[in-house]
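Before any comments, here is the structure.
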There are 2 protein chains.
Amino acid sequence: MKLEKLTELHKVPQKRQYRDACGLALALDLIGERWAMLVIRELIFGPKRFNELRAGLPGISANVLTQRLEGLEAAAVVRRHRLPPPASAQVYELTEWGYECEPVIRMIGRWAIRSPEHDSSLPVSTTSIMLSFKTMFDPARAMGLSLSVGFRFGAESFTLGIADGAIAVSRGDATAPDLHFTGTPEAVAALVYGGEPLEALEAEGMLAVEGDRALVARFATLFPMPEKHA
Amino acid sequence: MKLEKLTELHKVPQKRQYRDACGLALALDLIGERWAMLVIRELIFGPKRFNELRAGLPGISANVLTQRLEGLEAAAVVRRHRLPPPASAQVYELTEWGYECEPVIRMIGRWAIRSPEHDSSLPVSTTSIMLSFKTMFDPARAMGLSLSVGFRFGAESFTLGIADGAIAVSRGDATAPDLHFTGTPEAVAALVYGGEPLEALEAEGMLAVEGDRALVARFATLFPMPEKHA
DNA sequence: CGGCATCCGGGAAGATACTG
DNA sequence: CAGTATCTTCCCGGATGCCG
């Protein structure tokens, strides 16, 4: 072991902190590091394993993800479970308090999306697109509508339900959905947010739809983008 | 000019970005850098000059503040004004869209404050304490109450008004307030959030109060701290 | 494969000094 | 007062490799 290593043992790591009683400053100490909020986003719909997280966070490196998970665990935002053998893997899950920052995350996204910088054609994770439905849902446009929609992105599937002007999203296959989409998150985003015609996306093989096509059109209107700010 | 400088001119600065269509990721590109949200916080009650910002952000260095202001200006969150001569100074002000992230900032703080890590005895800026009143205000506890409160922290003064279960805060001296506090933000925090007795704070010379003392006691109950998460 | 440690290069943050 | 210039330190990102 080198000498510097020994001296490192003596100094407390002393994570960079704002040391401010303000709640915002504390929040930034807890979840303000690069990637931290995106890790939380990826866990919004339930526990994930290390490489599932990586898949939803293109560009993060393994060591940084490890550090973030350690930091979020220390902050009591994330909890780590060991799956029983023979799976011998770990899963990461938001704590109850961690789940409570979902409204915050949605509100930040809703604010930012009004920036002229926003480019909805960029890649998007499966969690992002499903979370965006909760963020952008307009209850007024769903008056009297009740439906269930299934989504399949590769091996992942989600269920979205709308009833009484409320929306719910969860992981897993829908049982007898009114609509079902199979494709990429980007294709679904192009349909709902980009105004791409369904026919074009189907023709390119980006998206496959089962269900009433008029209902698809209706569905795509339920998530209006707010106006750009200026 | 050194050779490295010349080569720097050739490479695009290429700010680190998430390049993700998710609104949250965009938000973090815009205001996710260290100190950025705290700069926004400091501007919530109106324009400030460079050194006024520094005063509310203990620990920030001048060059980092310069960079943040440049970044926030590029993101259209902050606007820079040149005051007319002879003042010849600049002020920084949130854009209309920038002001719209106040609810987001308050919500983040409200979430974070439930962390066991929270320490309300740490130093706090004048903006933080005044913003915290808007964040923590409980309309139910202010039923039937209508009052105006003045605050003076050194050269800065604020006015807080409560009426019809709503709260308003602005910069400037209150005209004929029901209560008036003179002292430090920390002393006010100790009274309202720390449960410190008014007498102790007055005896130590931390806080001077004008107005009905029973009303001070009532005022201090209007901002309940949420329970710690676990 | 999943998770973590290590090393390295570049760049952002922090501290201090300095200038118009 | 309002920033720049410079230097150091630390964090991030990528690559590699270890270990279960």
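Proteins get letters first, then strands, A, B, ... in listed order; numbering begins at 1 in each.
One finds the NZ atom of A:K48 at 11.5 Å from the CG atom of A:N51 (value rounded to the nearest 0.5 Å). Distance check, rounded to the nearest 0.5 Å: CG of A:L94 to CZ of A:R41 gives 12.5 Å. Taken to the nearest 0.5 Å, the CG atom of A:L122 stands 9.0 Å off from the CD atom of B:Q17.
Taking the ring-ring contact (aromatic ring centres under 6.0 Å, His included) definition, one finds that B:F158 meets it with B:F45, sequence neighbours left out. In this structure, the side-chain contact (heavy atoms from CB on, under 4.5 Å) partners of A:S121, at least two apart in sequence or on a different chain, are A:D119. In this structure, the side-chain contact (heavy atoms from CB on, under 4.5 Å) partners of A:P116, at least two apart in sequence or on a different chain, are A:H229. Annotation: ring-ring contact (aromatic ring centres under 6.0 Å, His included) contacts of B:H81 (sequence neighbours excluded): none.
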Show every donor-acceptor pair shorter than 3.5 Å between a side-chain atom in residues 53-61 of chain A and any protein atom, with sequence neighbours excluded, or say none if there are none.
residue: A:S61; atom: OG; partner: A:N63; partner atom: OD1; Å: 2.6

Anything under 3.5 Å between a donor and an acceptor, one on a side chain of residues 21-39 of chain A, the other on a protein residue two or more places apart or in another chain? List them.
residue: A:D29; atom: OD1; partner: A:Y18; partner atom: N; Å: 3.0
residue: A:D29; atom: OD2; partner: A:Y18; partner atom: N; Å: 3.4

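Ion pairing between a basic and an acidic side chain is recognised when a charged N comes within 4.0 Å of a carboxylate O; A:E73 and A:R79 show no such pairing.
In this structure, B:K48 atom NZ and D:dG3 atom C1' are separated by 18 Å, rounded to whole Å. At whole-Å resolution of the value, CZ in A:R49 and P in C:dG2 are 6 Å apart. Residue A:Q90 contributes atom CD, which lies 8 Å from atom C1' of C:dG2 at whole-angstrom precision. Protein atom CZ of A:R82 is 11 Å distant from nucleotide atom C1' of D:dG20, rounded to whole Å.
Within residues 52-73 of chain B, the residues having any heavy atom under 4.0 Å from DNA chain C are, by residue number, B:G59, B:S61, B:N63, B:V64, B:Q67, B:R68. Contacts with DNA chain D (heavy atom under 4.0 Å) in residues 20-32 of chain A: none are found. Near DNA chain C, meaning a heavy atom under 4.0 Å from it, residues 33-43 of chain A has no residue at all.
At the phosphate of D:dG13, neither OP1 nor OP2 sits under 4.0 Å from any side-chain N or O atom of B:Y18.
Listed by first and then second residue, the side chain to side chain donor-acceptor pair (under 3.5 Å) pairs that reach into residues 150-161 of chain B are B:T126-B:E156, B:R152-B:D173, B:S157-B:D173, sequence neighbours excluded. For residues 104-115 of chain A, every residue pair satisfying the side chain to side chain donor-acceptor pair (under 3.5 Å) rule, not counting sequence neighbours, is listed here: A:E102-A:R106, A:R114-B:E100.
A distance-only check finds a donor-acceptor pair linking the side chain of A:E186 to the backbone of A:V124 [under 3.5 Å].
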Distances under 3.5 Å between protein N/O atoms and the N/O atoms of nucleotides 18-20 of chain C, please, pair by pair.
none

